[in-house]
Colleague: 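The structure follows.
Read the numbers this way: they start at 1 and go in the same order the structure lists the ligands and their atoms. Please read all numbers here as calculations on a predicted model, not as lab measurements. Below, each value reflects all heavy atoms present in this structure, side chains not excepted, and no hydrogens, waters or symmetry copies. Numbers for residues simply follow the sequence, beginning at 1.
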Amino acid sequence: MKVAIIGTGYVGLPTGAGLASLGHEVCCIDCDRDKVERLRAGQVPLFEAGLEDLLREGVASGKLRFTDSMSEGVRGAKIVLLAVGTPENPETGEANLDYLFAATKEMLPHIEKSTIVAIKSTVPVGTGDRVESVLPGNEVVSLPEFLREGYALQDFFHPDRIIVGAQDESAYAVIRELYAPMRPIPLILRVSRRSSETIKYASNAFLAVKIHYINEMADFCGKVGANINEVAQGMGLDSRIGSSFLKPGPGYGGSCFPKDTKAIEYMGRRAGVELSLIRAAIAGNQKRSKNIAQRILKRVEDETSPRIAIWGLAFKAGTDDVRESPAIGIVQHLLCHPGVTVVVHDPKALNNARSILGDRVIYDREMYNTVQQANILIILTEWPQFSTADWGKIKRLMKGKVVFDFRHIINPADIYDNGLIYTGI
Ligand code: NAD
């Protein structure tokens, strides 16, 4: 099947590579000409495990190509997938649909009437109706994306479910054809278009609330002398609760949860429904970075010019994405404190972090260099290499002794055995 994908970001690229490997003829379109040039030259503009190889295979097989020309991309396509960004409007919290409607209007002169348009971007309820009114004659389907950065290809090939919001039988048949080559055959749930759009927001908001809940519970445990790891384990064994998303940490981040919680809260307000749990999660999560920075600063308050080493800037392991990363927020709060020097390391996200933090911190590509003469070491992303670090070497390099593990990835005994002091949440 001929497929066009608009947007070659964290969603569009893995989806394009995945669909090409299933045998479809895929054209990825992006308005960013530099990005398209880089992709054509075999350079991948983002980090995602396995993506580079899959893109290379797709291009070599002739099934995958890249263009910045909308007419070239959508011509003859049986389906167009919209995967452009829908960032937050910082004033209202609502989703900004400028990119989505720009792309829709750009394709209008080139798209054939028989082409199905599927919206993969996360969009407010009712957006499918609006896109359809811009493209009269084309069937518009909601096909929300649930991939997790760091596991994007695994999630593409083995999705828990595929949600299809299709009004029309023939459009639904095209979606089934799109995923037909997948083995095992994925579970496809067909619902109304508005339900499909809601499922995406309701799922992300639920996960954000779960994270906020366990973070609050961790703070409670800290005050009453309970251990949050034990508490989370005990809760997770209850099949009604489940063990995932019960790990306390520095708060949720990334390009989805923060903006999607705000967007659904905005939609709730517009609809006259108070989504109080989501509102509480948003407020609690926003406070968390500052609160964590204060906990760190308290540990170095006796130093006149403390040197703070940070391991991890990506919003989670397995990605170079720092959008709304709690680590970035925490570093920004630390930098407000006079005399503080912050030295940072991340295996993949240093370049993206530099575009936000500029020259206000010291960057190091080598994790052990970061801790030299540091008063304190803070772990903010759960990269596996941090959990197996050489703590004896770190003890020799550091000036201070405290290791703050905000991701709970280190065995405290490894720290204590080497004469350091472990602190978790
Ligand atoms: P992204 O910012 O990484 O990529 C978007 C791409 O779209 C960019 O390359 C941009 O240049 C391109 N673009 C913008 N306007 C365009 C236009 N008019 N024509 C052609 N290209 C255009 O975004 P992303 O992280 O891939 O997210 C895309 C959508 O998917 C968002 O709605 C997001 O909420 C949703 N989503 C993201 C994830 C994730 O993990 N990143 C997961 C599920 C859903």
Side-chain angles (χ1 to χ4, degrees), residues 4-18 27-39 44-49 51 66-74 80-89 94-111 117-124 127-128 131 134 142-156 159-160 162-163 196-197 199-201 203-205 207-208 252-264 314-325 352 355:
I5 302 180
I6 306 182
T8 60
Y10 288 87
V11 168
L13 270 187
T15 306
C27 184
C28 290
I29 308 161
D30 205 291
C31 56
D32 182 337
R33 191 167 286 175
D34 282 352
K35 212 175 194 182
V36 171
E37 286 305 325
R38 286 173 64 195
L39 283 162
V44 184
L46 55 93
F47 174 73
E48 184 62 54
L51 183 59
F66 305 98
T67 182
D68 62 352
S69 155
M70 193 62 88
S71 64
E72 184 195 325
V74 304
V80 174
L81 305 181
L82 274 164
V84 299
T86 48
E88 173 193 338
N89 174 335
E94 70 191 301
N96 173 350
L97 296 179
D98 289 354
Y99 299 107
L100 188 94
F101 281 106
T104 306
K105 285 175 191 149
E106 281 159 39
M107 74 168 117
L108 180 60
H110 312 290
I111 193 166
V117 176
I119 306 176
K120 279 223 143 280
S121 303
T122 303
V123 293
T127 303
V131 170
V134 179
S142 162
L143 187 62
E145 180 55 64
F146 295 94
L147 66 76
R148 298 161 299 166
E149 287 178 25
Y151 301 90
L153 293 178
Q154 186 184 315
D155 289 347
F156 174 84
D160 288 339
I162 291 168
I163 302 292
S196 172
E197 289 165 341
I199 287 169
K200 176 63 196 174
Y201 280 109
S203 303
N204 272 3
L207 295 172
Y252 61 76
S255 66
C256 293
F257 288 1
K259 81 169 171 67
D260 293 347
T261 43
K262 287 182 207 156
I264 191 170
F315 84 93
K316 65 173 183 172
T319 181
D320 60 352
D321 199 345
V322 296
R323 289 178 284 183
E324 298 282 326
S325 172
N352 286 340
S355 66

Colleague: Would you mind checking which non-hydrogen protein atom is closest to atom 35 (C) of ligand 1, with the distance to 0.1 Å?
Modeller: Thr122 OG1, 3.5 Å
Colleague: Are the side chains of Glu324 and Lys259 in touch, meaning some heavy atoms are under 4.5 Å apart?
Modeller: no
Colleague: For Ala205 and Thr261, which heavy atoms make the closest approach, and how far apart are they?
Modeller: CA-CG2, 4.0 Å
Colleague: Indicate yes or no for a side-chain donor-acceptor contact from Glu149 to the backbone of Asp321 under 3.5 Å, with no hydrogens or angles considered.
Modeller: no
Colleague: Look at atom 21 (N) of ligand 1 and say which protein heavy atom is nearest, naming residue and atom and giving the distance to 0.1 Å.
Modeller: Cys31 N, 3.2 Å
Colleague: Applying side-chain contact (heavy atoms from CB on, under 4.5 Å), can you list everything that pairs with Pro159, at least two apart in sequence or on another chain?
Modeller: Ile162, Met182, Pro186
Colleague: If you count heavy atoms of other groups shown closer than 6.0 angstrom to CZ of Arg33, is the number above 12?
Modeller: no
Colleague: Out of all atoms in ligand 1, which are within 4.0 Å of some heavy atom of Ser121? Include the element for each.
Modeller: 29 (C), 30 (O), 32 (O)
Colleague: Which atom pair, heavy atoms only, marks the closest approach of Phe47 to Asp320?
Modeller: N-OD2, 3.1 Å
Colleague: CD1/Ile264 to CG/Asn204 distance, rounded to the nearest 0.5 angstrom?
Modeller: 9.5 Å
Colleague: Just which atoms of ligand 1 are under 4.0 Å from any heavy atom in Thr86?
Modeller: 31 (C), 32 (O), 34 (O)
Colleague: Starting from atom 4 (O) of ligand 1, locate the nearest protein heavy atom and write down its residue, its atom name and how far away it is, to 0.1 Å.
Modeller: Gly9 CA, 3.3 Å
Colleague: Once you restrict to heavy atoms under 4.0 Å, what part of Asp30 touches ligand 1? Side chain, backbone, both or neither.
Modeller: both
Colleague: Shortest non-hydrogen contact from Thr86 to Thr122?
Modeller: OG1-O, 2.8 Å
Colleague: Does Tyr99 OH have over 12 foreign heavy atoms under 6.0 Å away?
Modeller: no
Colleague: With atoms numbered from 1 as shown, which atoms in ligand 1 lie under 4.0 angstrom from a non-hydrogen atom of Gly85?
Modeller: 5 (C)
Colleague: Does His110 offer a backbone N or O that forms a donor-acceptor pair with the side chain of Ser71 under 3.5 Å?
Modeller: no
Colleague: Heavy-atom pairs closer than 4.0 Å: do any link ligand 1 to the side chain of Lys259, the backbone, both, or neither?
Modeller: side chain
Colleague: Going by the atom numbers of ligand 1, which of them fall below 4.0 Å from some non-hydrogen atom of Cys256?
Modeller: 36 (N), 37 (C), 38 (C), 39 (C), 42 (C)
Colleague: Using modelled atom types only, decide if a donor and an acceptor are shared between the side chain of Glu88 and the backbone of Ala95 within a distance under 3.5 Å.
Modeller: no
Colleague: Considering only protein heavy atoms, which is closest to atom 30 (O) of ligand 1, and at what distance to one decimal place?
Modeller: Val11 CG2, 3.5 Å
Colleague: Answer yes or no: does an N/O atom from Lys35 fall short of 3.5 Å to an N/O atom of ligand 1?
Modeller: yes
Colleague: Do any nitrogen or oxygen atoms of Ile6 come within less than 3.5 Å of a nitrogen or oxygen of ligand 1?
Modeller: no
Colleague: Mind checking the CD1-CZ spacing from Ile199 to Phe146? Nearest 0.5 Å is all I need.
Modeller: 6.5 Å
Colleague: Are the side chain of Ser121 and the backbone of Val123 linked by a donor-acceptor contact shorter than 3.5 Å?
Modeller: no
Colleague: If we only count N/O pairs under 3.5 Å, is Lys120 in contact with ligand 1?
Modeller: no
Colleague: Using a 4.0 Å heavy-atom threshold (strictly under), name the region of Ser255 that reaches ligand 1: side chain, backbone, both or neither.
Modeller: side chain
Colleague: Among protein heavy atoms, which lies nearest atom 39 (C) of ligand 1, and at what distance?
Modeller: Glu149 OE2, 3.4 Å
Colleague: How far is atom 42 (C) of ligand 1 from its nearest protein heavy atom, and which residue and atom is that?
Modeller: Leu147 O, 3.6 Å
Colleague: Relative to ligand 1, is Arg323 under 4.0 angstrom through side chain, backbone, both or neither, heavy atoms considered?
Modeller: side chain
Colleague: I need the nearest protein heavy-atom contact for atom 7 (O) of ligand 1: residue, atom name and distance, please.
Modeller: Gly7 CA, 3.4 Å
Colleague: Among all protein heavy atoms, pick out the one at the shortest distance from atom 43 (C) of ligand 1; state its residue, atom name and that distance to 0.1 Å.
Modeller: Glu145 O, 3.3 Å
Colleague: Are any of the N/O atoms in Arg148 less than 3.5 Å from those in ligand 1?
Modeller: no
Colleague: Check ligand 1 against Ala83 and write out every atom of the ligand that is under 4.0 Å from a heavy-atom position of the residue.
Modeller: 5 (C), 28 (C)
